[in-house]
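Contents: one structure, followed by commentary.
None of these values were measured; they are calculated from a predicted model.
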Amino acid sequence: MERILILDFGSQYTMLIARRIREMNVYCDIVPFNKIPAIDSEVKGIVLSGSPSSVTAENAPRPDLGGVPEELPILGICYGAQWLAWSRGGKVYSSDTREYGRALLSVKDAQDPLLKDIPAESQVWMSHGDTINSLPEGYKVIASTASVDNAAFRISGKPVWGIQFHAEVHHSDYGRQILRNFVLGICGCAGDWTPDSFIESTVAGLREQIGSEKVVLGLSGGVDSSVAALLLHRAIGPQLHCIFVDSGLLRKDEFSSVLASYKGMGLNVKGVEAGDKFLSDLAGVTDPEQKRKIIGRDFVEVFNAEAEKIEDVRWLAQGTIYPDVIESSAVPGASATIKSHHNVGGLPKDMKLKVVEPLRLLFKDEVRRVGKALGLDPEILGRHPFPGPGLGIRVLGEVTPEKVAILQEADKIYIDSLKREGLYDQIWQAGAMLLPIKSVGVMGDERTYEYTIALRAVTSVDGMTADWVRLPYDFLAEMSDTIIRRVKGVNRVVYDICSKPPATIEWE
């Protein structure tokens, strides 16, 4: 499979570079700058990412490209460009004042293949402290800005380019075209890495990897575990055994409806109702981190107890996706802040199961595209992300059966209304929170002292940053009225208008 290697120097934009390349239907790998794999014929080019470091600093990341063939195309972005210049004798000036924001790029060499179909002037996005003052001998300037003479360059006679701006961000008007010129033009990639081709190659690989052995998979009702299950089911059929645990912390009626959907897809799935255990173990616990650990521990215990009932199981399947893989080997810096969420939180050492991860090459949006190609139930495919601990971290403070029941009712009204009004698919994630406070209210002629429900809705790409959704006032007014009328124990509804950062998407 042809691919582009991205050497990660710790930039917050490294994953965005990968996403832009994947959008061209070209596979790419993010690898730490100091762990460059052997370069084989399938590697068609290398991208050097940005970095929060200064290239002149003593502890700056410095890759060893000695094993890279001279004919292999290289594109350095921001720090990557500065390193290409500095490492060969160029002068790089480190300033305390970062250049951050929009700049006007002026093309100096319209014939250069990296700048094909780029207008004479266009907007780009700068974000750097170092600036290349002078290029080494044999380097040629191909584009400049008002404050950066060497905004883009090439090594004469070699397929090596550097750009000091971030082509991968949407603020760079023709940035995607520049990346296309490099990946599809200069590197000659075919752009044939599609959901269908991924399914075909993955299914064949799973059959070879697993053979006739049995696999157990913990389903969560979410997209990742569901798509992993369908891929495995297509590859090995009844050898796959799925376990769907009801922690008592799912949304209202979710256990029965999702279980029915799984069985309708032909999956060999067993539903396990274990709500009493989870709620009992959470009694009296208020610390969010402790709640997460208890829920994770209980899930593992219930899952393992069921898995041990399957004779001769040899494999554990997980819905691990590419951001999880990146995190495990990320360079320290902004790119290492990605959260990972596995379907199974831990395994006893004596289980001795081999792990298979069918989705470890994919980003979240790619998982959805593969799921669509596999025919995944649209209700699951379009489902918002839902926290692994479920409503256990949306009931703030102590979790009790009464509070969970109140939250399930309020949450169902909210989510069903978003779907009815055509708002659900415009939102990355939405949900209701039950606050650990009561407030005074008046219903009829009586004074009440009841709970507050907080509604949350955000837009995002990957959950790392998020903005609150400007839901219509009339809709919010209807939600407040309906929830208070229909959910006993609630007399106040508020709407969360905080973005991430500084807030998080979940409240715990």
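Shown here are the side chain to side chain donor-acceptor pair (under 3.5 Å) partners of R251, two or more places apart in sequence or in another chain: D411. Residues forming a side chain to side chain contact (heavy atoms under 4.5 Å, CB included) with P385 (at least two apart in sequence, or on another chain): R368, W428, Q429. Y424 pairs by the ring pair (Phe, Tyr, Trp, His ring centres under 6.0 Å) definition with H384, not counting sequence neighbours. Take W83 and apply the side chain to side chain donor-acceptor pair (under 3.5 Å) test, not counting sequence neighbours, and it matches no residue. Partners of D109 according to the side chain to side chain donor-acceptor pair (under 3.5 Å) rule, which considers only residues two or more places apart in sequence or in another chain, are K140. When the ring pair (Phe, Tyr, Trp, His ring centres under 6.0 Å) test is applied to F244, the partners found at least two apart in sequence or on another chain are F255, Y262. In this structure H170 satisfies the ring pair (Phe, Tyr, Trp, His ring centres under 6.0 Å) test with no other residue, sequence neighbours excluded.
With a 6.0 Å cutoff to the six-membered ring centre and a 45° limit on the axis angle, R88 does not count as a cation-pi contact of W86.
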Q. What's the verdict on side-chain contact (heavy atoms from CB on, under 4.5 Å) for V169 and W125, showing C-alpha distance, side-chain angles and the deciding distance?
A. CA-CA 7 Å; V169 304; W125 186 259; 3.5 Å; yes
Q | Chi angles and distances behind the side-chain contact (heavy atoms from CB on, under 4.5 Å) call for I6, I21 | A | CA-CA 10 Å; I6 302 173; I21 295 174; 4.0 Å; yes
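In this structure, the side chain of Q239 engages the main chain of G211 through a donor-acceptor pair within 3.5 Å. Checked by atom type and distance alone, the side chain of Q82 pairs as donor or acceptor with a backbone atom of D130 at under 3.5 Å. Distance alone, capped at 3.5 Å, places no donor-acceptor pair between the Y174 side chain and the V124 backbone.
Between I132 and D149 the shortest side-chain heavy-atom distance does not fall below 4.5 Å. Here the side chains of V107 and S122 are not in contact, with every heavy-atom distance at 4.5 Å or above. Under the 4.5 Å side-chain criterion, counting only non-hydrogen atoms from C-beta, I74 is in contact with L48. Within the 4.5 Å cutoff, the side chain of I427 has no heavy atoms near those of the T459 side chain. Two residues are said to be in side-chain contact when any heavy atoms from C-beta on lie closer than 4.5 Å; V141 and L135 meet this criterion. In this structure the side chain of D8 never reaches within 4.5 angstrom of the side chain of P32, judged on heavy atoms. Side-chain contact check for R22 versus C28: some heavy-atom pair is nearer than 4.5 Å. Contact check for N181 versus Q177: side-chain heavy atoms found under the 4.5 Å cut-off.
Remark: R19 engages D365 in a salt bridge, criterion side-chain N to carboxylate O under 4.0 Å. The pair R394-E506 meets the salt-bridge criterion, with a side-chain N (NZ, NE, NH1 or NH2) lying under 4.0 Å from an Asp/Glu carboxylate O.
Between V183 and M24 the shortest heavy-atom distance is CB-SD, 3.8 Å. The two residues A229 and L240 come nearest to each other via the heavy atoms O-CD2, 3.4 Å. Residues S225 and G221 come closest through the heavy atom pair OG-N, 4.0 Å. Considering every non-hydrogen atom in both L381 and V223, the closest pair reads O-CG2, 3.5 Å. The minimum heavy-atom distance between A152 and F165, with the atom names listed, is CB-CE2, 4.4 Å. When all heavy atoms are compared, the tightest approach of H233 to G266 is CE1-O, 3.2 Å.
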Give the table of side-chain donor-acceptor pairs shorter than 3.5 Å for residues 39-47, with sequence neighbours excluded, one pair per line with atom names and distance.
{"from": "D40", "atom 1": "OD1", "to": "E42", "atom 2": "N", "distance (Å)": "3.0"}
{"from": "D40", "atom 1": "OD1", "to": "V43", "atom 2": "N", "distance (Å)": "3.4"}
{"from": "E42", "atom 1": "OE1", "to": "R3", "atom 2": "NH1", "distance (Å)": "3.1"}
{"from": "E42", "atom 1": "OE2", "to": "M1", "atom 2": "N", "distance (Å)": "2.9"}
{"from": "K44", "atom 1": "NZ", "to": "S41", "atom 2": "O", "distance (Å)": "3.2"}

Side-chain donor/acceptor pairs under 3.5 Å, residues 57-65, sequence neighbours excluded:
{"from": "R62", "atom 1": "NH2", "to": "V55", "atom 2": "O", "distance (Å)": "3.3"}
{"from": "R62", "atom 1": "NH2", "to": "A57", "atom 2": "O", "distance (Å)": "2.7"}
{"from": "D64", "atom 1": "OD1", "to": "G66", "atom 2": "N", "distance (Å)": "2.9"}

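The closest side-chain donor-acceptor pair between D29 and Y27 falls under 3.5 angstrom. Under the 3.5 Å distance criterion, with hydrogens and angles disregarded, a donor-acceptor pair is assigned to the side chains of D467 and S499. No side-chain N or O of S106 forms a donor-acceptor pair with one of S144 less than 3.5 Å apart.
Here the CG atom belonging to L7 is positioned 7.5 Å from the OG atom belonging to S49, to the nearest 0.5 angstrom. How far CH2 of W161 is from CG of L114: 7.0 Å, rounded to the nearest 0.5 Å. The distance from atom OG of S220 to atom CD1 of I243, rounded to the nearest 0.5 Å, is 13.5 Å.
Screening residues 184-198 for side-chain hydrogen bond (donor to acceptor under 3.5 Å, both in side chains), with sequence neighbours left out, gives T194-S197. Within the structure, the salt bridge (charged side-chain N to carboxylate O under 4.0 Å, His left out) test picks out the following pairs touching residues 171-182 (sequence neighbours left out): E23-R176. Counting only residues at least two apart or on different chains, the side-chain hydrogen bond (donor to acceptor under 3.5 Å, both in side chains) pairs with a member in residues 202-215 are E213-W315, E213-K354.
Aromatic ring pairs are classed by plane angle as parallel below 30°, tilted from 30° to 60° and perpendicular above 60°; the pair F33 and F9 is parallel.
Tested against W468, the residues I497, I505, D496 include a single side chain to side chain contact (heavy atoms under 4.5 Å, CB included) partner, I497.
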